[in-house]
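Just so it is clear, the values below take in all heavy atoms, side chains as well, and ignore hydrogens, waters and symmetry mates. Heads up: numbering here begins at 1 and tracks the sequence. Note that the structure is predicted; figures quoted are calculated from it, not measured.
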Amino acid sequence: MLIGALLAVLVASGAPLPIVAAVALALIHPVWFLVAVAVWAVVGRRRRAVPGPDEEAAFLRGLAAELSAGSGLRAGVVAAAGRAPGLDLARSARLCSAGRPAAEVGAALGDALPVNRSAIGAAFRLSSHTGGPIAPLIDTLAARAEAMGRLERERRASTAQARLSAWVVGGLPIGLIVLALATGTGPGAGDLGPVGVGLVGAGLGLIGAGSIVVAVMARRVVR
């Protein structure tokens, strides 16, 4: 009963399914849980990084530097693309190599840049219509991408701290219960009696409710 209530609290609090499965395995087969942890630690898994504002800023800084050094707009795009390998700039480079209009190149760049999607297209259209230098404008767009990158890192750090606090505050009692159930050192449902079981259930419910509140607040901040 306590194991089912514990797993229900984890699911209600928004815990990832792998965490719930790991807790269930630890309660039912502690040895297999330790084996799974060892295998996961040895093998590990690496998440593929998603291109963000920092890579866009690196590309735009490189493009501004190429334009300031006297390179043409298309040659500058091809040269600066090497500074941001995570961005999908292959289509833009092909258009530059084919000598397509600057406006078309800018539109392709807008599809690849996560921050200055419309601004980079407007900058290239401005260059094609006026023929004037746009290196200062590109540099300004790079500064904007850098600022967005700083804000993104601060947001992730803040939400990570909130989630970590929720897991520590809510997970410590749950971890102690898991340890007691797994090792058989804690009292069983028959030893607690109806009142004890009710108190344990109420405590788990409060922990789950608090975790849900923190999870909802963190998701609202992310959105």
Side-chain angles (χ1 to χ4, degrees), residues 16-19 37-164 167 215 218-223:
L17 291 181
I19 298 296
V37 170
V39 171
W40 180 83
V42 172
V43 176
R45 290 183 298 177
R46 305 177 69 181
R47 293 182 179 180
R48 185 178 180 181
V50 178
D54 292 332
E55 288 192 313
E56 176 177 342
F59 165 72
L60 294 176
R61 289 293 186 191
L63 178 57
E66 293 290 337
L67 296 178
S68 299
S71 298
L73 195 59
R74 298 177 182 83
V77 170
V78 175
R83 297 196 179 191
L87 294 176
D88 186 11
L89 301 174
R91 179 168 173 263
S92 302
R94 288 196 301 269
L95 292 175
C96 291
S97 301
R100 301 299 300 171
E104 188 173 347
V105 175
L109 284 176
D111 295 335
L113 301 184
V115 177
N116 297 293
R117 291 184 177 274
S118 57
I120 191 66
F124 273 60
R125 287 194 300 270
L126 177 65
S127 176
S128 64
H129 290 328
T130 64
I134 61 170
L137 178 57
I138 299 297
D139 205 40
T140 301
L141 296 181
R144 180 171 181 261
E146 290 174 349
M148 291 295 294
R150 288 193 296 270
L151 292 175
E152 181 70 15
R153 288 190 295 273
E154 292 176 0
R155 181 188 63 80
R156 289 180 179 177
S158 299
T159 54
Q161 290 174 359
R163 290 175 181 174
L164 179 60
W167 278 105
R219 287 177 182 176
R220 289 182 178 179
V221 171
V222 172
R223 292 177 183 176

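Counting only residues at least two apart or in different chains, salt bridge (Lys or Arg N to Asp or Glu O under 4.0 Å) contacts with residues 65-79 are absent. Annotation: salt bridge (Lys or Arg N to Asp or Glu O under 4.0 Å) contacts involving residues 124-145, sequence neighbours excluded, comprise R61-D139. The salt bridge (Lys or Arg N to Asp or Glu O under 4.0 Å) analysis of residues 102-122, with sequence neighbours excluded, yields the pairs R91-D111, R100-E104.
Rounded to the nearest 0.5 angstrom, I134 CD1 and L73 CG are separated by 5.0 Å. Between the CG atom of L89 and the CD atom of E55 there is a distance of 9.5 Å, given to the nearest 0.5 Å. The structure places CG of L109 at 5.0 Å from CZ of F59, a figure rounded to the nearest 0.5 Å. From R153, atom CZ reaches atom CZ of R155 across 12.0 Å, with rounding to the nearest 0.5 Å.
Closest of all the heavy-atom pairs between V115 and A145 is CG1-CA, 4.3 Å. Between P53 and P114, the shortest heavy-atom contact is N-CG, 4.3 Å. For the pair A58 and R83, the tightest heavy-atom approach, listed with the atom from each and the gap, is O-CD, 3.8 Å. Closest approach of S68 and A135 over heavy atoms only: OG-CB, 3.5 Å. Here the closest non-hydrogen pair linking E56 and L87 is CA-CD1, 3.9 Å. When all heavy atoms of G72 and L67 are compared, the closest pair comes out as O-CD2, 3.7 Å.
A distance-only check finds a donor-acceptor pair linking the side chain of T140 to the backbone of P136 [under 3.5 Å].
Between L141 and L113 the shortest side-chain heavy-atom distance does not fall below 4.5 Å.
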